[in-house]
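Please read the structure below before turning to the comments.
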Amino acid sequence: MPKFTEVETVRRTLAAVLPGRTIETVHVALPRLIKNASPADFAAALRGQTVTAVQRKGKYLRLVFDGPRHLLIHLRMTGSLVYFPAAADLPKSAHIIFRLDKGNLVYCDVRTFGCLWLIPPAGPTGVKGYDTLGPDANGPDFTVDYIWSLLKKSERTVKAFLLDQTVIAGLGNIYADEALFLAGIRPSRRCGSMTKKSLVALHEAIQSVLAEGITYGGTTIRNFVNGSGREGGNRKNLAVYGREGEPCIKCGTAVQYVKQGGRGTRYCPHCQK
DNA sequence: CAATCCCCCTGGGCGC
DNA sequence: TGCGCCCAGGGGGATT
């Protein structure tokens, strides 16, 4: 599922219902999802904890409690975190169940790549990917000048650069392709060949695709559901992702598919230079 | 430092 | 209808 629009959609949904709720018990059906504690320690640390906030940084969700541990979650490809206000049949992929004073919070994950960690409320967490995150793609520190300073030093492709979470936190494969299309930049272009002008266009395109993705509630490709279990509605807005072989919406040229850095990459060979 | 490959897994889609 | 293959939004690690 994720890129951060999906994670942000989940965050917003949960932030509306979780604060004030208290965890009564935790059931761990798939222990390997918890990366830095045994199931027993994990359950014991969270029992009796009251949620005070639901935060996001990059593609990580953070449940803030009134106690000495926070819960950090990465949904990876197919994870979801869903609040059930009343008793309900749980999906087969419900791997971790937090029984609350009112309702249940359920971590579901078909491919089971997701990760959960207990972390301290402040300071380094020991979770490498989290501690090294760059500025959020929709945050105030993600500026043209910031990107320019890194871009000049890099010899990588622009797409690899965009997906590097230490550079920009939150951008995923779909939105990287979409932003590059919108800015007219070929994914295989070298960072060093970028002009300030094309960077400004790219910066704007990133903000734009992310804002739109959030507005439409995330992009449902296969397994994405938001914190209420509803699917996102953004798929129809995608210009290149999932449209390989179909005509470019600007010029009609067939959208190309290539593997770049192991990731499926789509672009218009006419519009993107 | 950058690129590639492989891994973690399940299930949908498609060709035969 | 069934089987086997290929594919997938993420990211970490080993290797070249």
Side-chain angles (χ1 to χ4, degrees), chain A residues 1-10 29-36 56-61 72-81 91-96 107-117 125-134 137 150-180 187-193 209-210 212-214 216-226 231-235 237-245 257-266:
Chain A
M1 71 137 67
K3 290 134 281 33
F4 94 11
T5 55
E6 282 70 20
V7 184
E8 177 61 15
T9 300
V10 172
L30 191 56
R32 65 179 154 76
L33 299 185
I34 299 161
K35 302 303 174 181
N36 65 352
R56 177 195 57 76
K57 185 162 167 52
K59 299 171 195 170
Y60 289 82
L61 281 171
L72 188 68
I73 301 174
H74 196 301
L75 304 172
R76 286 292 200 272
M77 303 281 267
T78 52
S80 60
L81 194 59
K92 192 170 67 174
S93 66
H95 301 308
I96 300 176
Y107 180 78
C108 306
D109 195 342
V110 170
R111 286 176 75 181
T112 71
F113 288 167
C115 305
L116 296 86
W117 301 264
T125 65
V127 179
K128 198 170 156 195
Y130 184 74
D131 289 341
T132 58
L133 283 175
L150 291 177
L151 201 63
K152 278 188 302 186
K153 291 185 292 190
S154 176
E155 294 172 24
R156 310 158 78 182
T157 63
V158 177
K159 170 137 183 193
F161 184 80
L162 290 183
L163 290 179
D164 183 342
Q165 302 295 300
T166 70
V167 173
I168 309 166
L171 208 59
N173 200 41
I174 295 177
Y175 291 122
D177 281 4
E178 292 296 311
L180 287 166
S188 57
R189 183 143 153 206
R190 297 281 149 180
C191 289
S193 79
V209 296
L210 292 179
E212 185 162 336
I214 291 171
Y216 285 92
T219 303
T220 295
I221 300 302
R222 218 166 268 170
N223 302 99
F224 174 66
V225 292
N226 66 23
E231 297 195 340
N234 194 40
R235 172 145 208 190
N237 300 302
L238 300 175
V240 286
Y241 185 84
R243 296 196 63 248
E244 48 269 36
Y257 174 89
V258 294
K259 271 251 194 264
Q260 188 184 318
R263 311 303 301 276
T265 299
R266 292 85 175 169

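Numbered from 1 within each chain, the chains take letters A, B, ... in sequence-line order. Just so you know, these numbers use all the heavy atoms, side chains as well, and skip hydrogens, waters and symmetry mates.
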Could you check whether the rings of A:W117 and A:Y60 sit parallel, tilted or perpendicular, using 30° and 60° as the cut-offs? tilted
Among the nucleotides C:dG12, C:dG9, B:dC9, whichever has the atom closest to the side chain of A:N173 is C:dG9
A:L30 CG to B:dT10 P, in whole Å, measures 9 Å
Output the single nucleotide from B:dA2, C:dG11, C:dA8 whose closest atom is nearest the side chain of A:K59. C:dG11
With the criterion set at under 5.5 Å between ring centres and under 30 degrees between planes, would B:dC9 be stacked on A:F113? no
Test log, rule side-chain hydrogen bond (donor to acceptor under 3.5 Å, both in side chains), inputs A:D109 and A:S93: CA-CA 5 Å; A:D109 195 342; A:S93 66; over 6 Å; no
Considering only atom P, compute the distance from B:dG11 to C:dG11 and round it to an integer number of Å. 22 Å
Euclidean distance, atom CD of residue A:E244 to atom P of C:dC6 [Å, nearest integer]: 17 Å
Of the listed C:dC7, B:dA2, C:dG9, the closest approach to the A:Y257 side chain comes from C:dC7
So A:K153, base contact, sugar-phosphate only, or nothing? Heavy-atom distance under 4.0 Å. nothing
Work out how far the P atom of B:dC9 is from that of C:dC3, and round it to whole angstrom. 24 Å
Rounded off to whole Å, could you give me the CD1-to-P distance for the A:I174 and C:dC7 pair? 17 Å
Identify which nucleotide among B:dA3, B:dT10, C:dG11 has an atom closest to any side-chain atom of A:H74, counting heavy atoms from C-beta outward. C:dG11
Mark yes or no for whether A:E178, through its side chain, and A:V240, through its backbone, hold a donor-acceptor pair below 3.5 Å. yes
Point-to-point distance, once rounded to the nearest 0.5 Å, from CG of A:L151 to CZ of A:R156: 11.0 Å
Residue pair A:L210 / A:A137: nearest heavy atoms and the distance that separates them: CD1-CB, 3.4 Å
Please determine, for the side chain of A:R32, which listed nucleotide (B:dA2, B:dC9, C:dG9) has the closest atom? B:dC9
Closest to the A:R190 side chain: C:dG12, B:dA3, C:dG9? B:dA3
Below the 4.0 Å mark, does B:dA2 have OP1 or OP2 next to a side-chain nitrogen or oxygen of A:S154? yes
Output the rounded distance in Å from CG (A:L151) to P (B:dA2). 12 Å
Which atom pair, heavy atoms only, marks the closest approach of A:A29 to A:A94? CB-O, 4.4 Å
Which heavy atom of A:L171 sits nearest to which heavy atom of A:Q165, and what is that distance? O-NE2, 3.0 Å
Near DNA chain C, counting only heavy atoms under 4.0 Å, which residues of residues 126-133 of chain A show up? A:K128, A:G129
Give the nucleotide from the list C:dG9, B:dA3, B:dT10 with an atom nearest to the side chain of A:R111. B:dT10
In whole Å, I'd like the distance from the CG atom of A:L163 to the C1' atom of C:dG12. 15 Å
Which is true for A:K259 with a 4.0 Å heavy-atom rule: it touches a base, it touches only sugar-phosphate, or it touches nothing? sugar-phosphate
Do the side-chain N or O atoms of A:Y175 get closer than 4.0 angstrom to the phosphate oxygens (OP1, OP2) of C:dG9? no
Closest to the side chain of A:Q165, out of C:dG11, B:dT10, B:dA2, is C:dG11
Scan nucleotides 4-6 of chain B against the protein and return all N/O pairs shorter than 3.5 Å with their distances rounded to 0.1 Å.
none

Restricting to non-hydrogen atoms, name the atom on A:R76 and the atom on A:H74 that form the minimum distance, rounded to 0.1 Å. N-ND1, 2.8 Å
Set of side-chain contact (heavy atoms from CB on, under 4.5 Å) partners for A:T166, sequence neighbours left out: A:T132, A:D164
Specify the closest pair of heavy atoms between A:V167 and A:L150, including all atoms of both residues, with the distance to one decimal. CG1-CD1, 4.0 Å
Look up atom CD1 in A:I34 and atom CG in A:L116, then write down how far apart they are to the nearest 0.5 Å. 6.0 Å
Over all heavy atoms of both residues, which pair between A:L33 and A:H95 is shortest? Give the atoms and the distance, please. CD1-CB, 3.7 Å
Testing B:dA3, B:dT10, B:dG11 for proximity to the side chain of A:K92, the answer is B:dG11
Who passes side-chain contact (heavy atoms from CB on, under 4.5 Å) against A:K152, sequence neighbours left out? A:W148
Who pairs with A:Q260 by side-chain contact (heavy atoms from CB on, under 4.5 Å), at least two apart in sequence or on another chain? A:T157, A:K159, A:P187, A:S188, A:T265
With pairs defined as Watson-Crick or G-U wobble and both distances under 3.5 angstrom, please note down DNA chain C as a dot-bracket string, | for pairing with another strand. .|||||||.|||||||
At less than 4.0 Å, is any side-chain N or O atom of A:R76 found next to OP1 or OP2 of B:dC9? Yes or no. no
Tell me: CD of A:E155 to P of B:dA3, nearest whole Å? 9 Å
A:F161 has an atom CZ; how far is it from atom C1' of B:dA2, in whole Å? 14 Å
Measure NZ/A:K35 against C1'/C:dG12 and give the value in whole Å, please. 11 Å
Using OP1 and OP2 only, check whether a side-chain N or O of A:Y60 sits under 4.0 Å from C:dG11. no
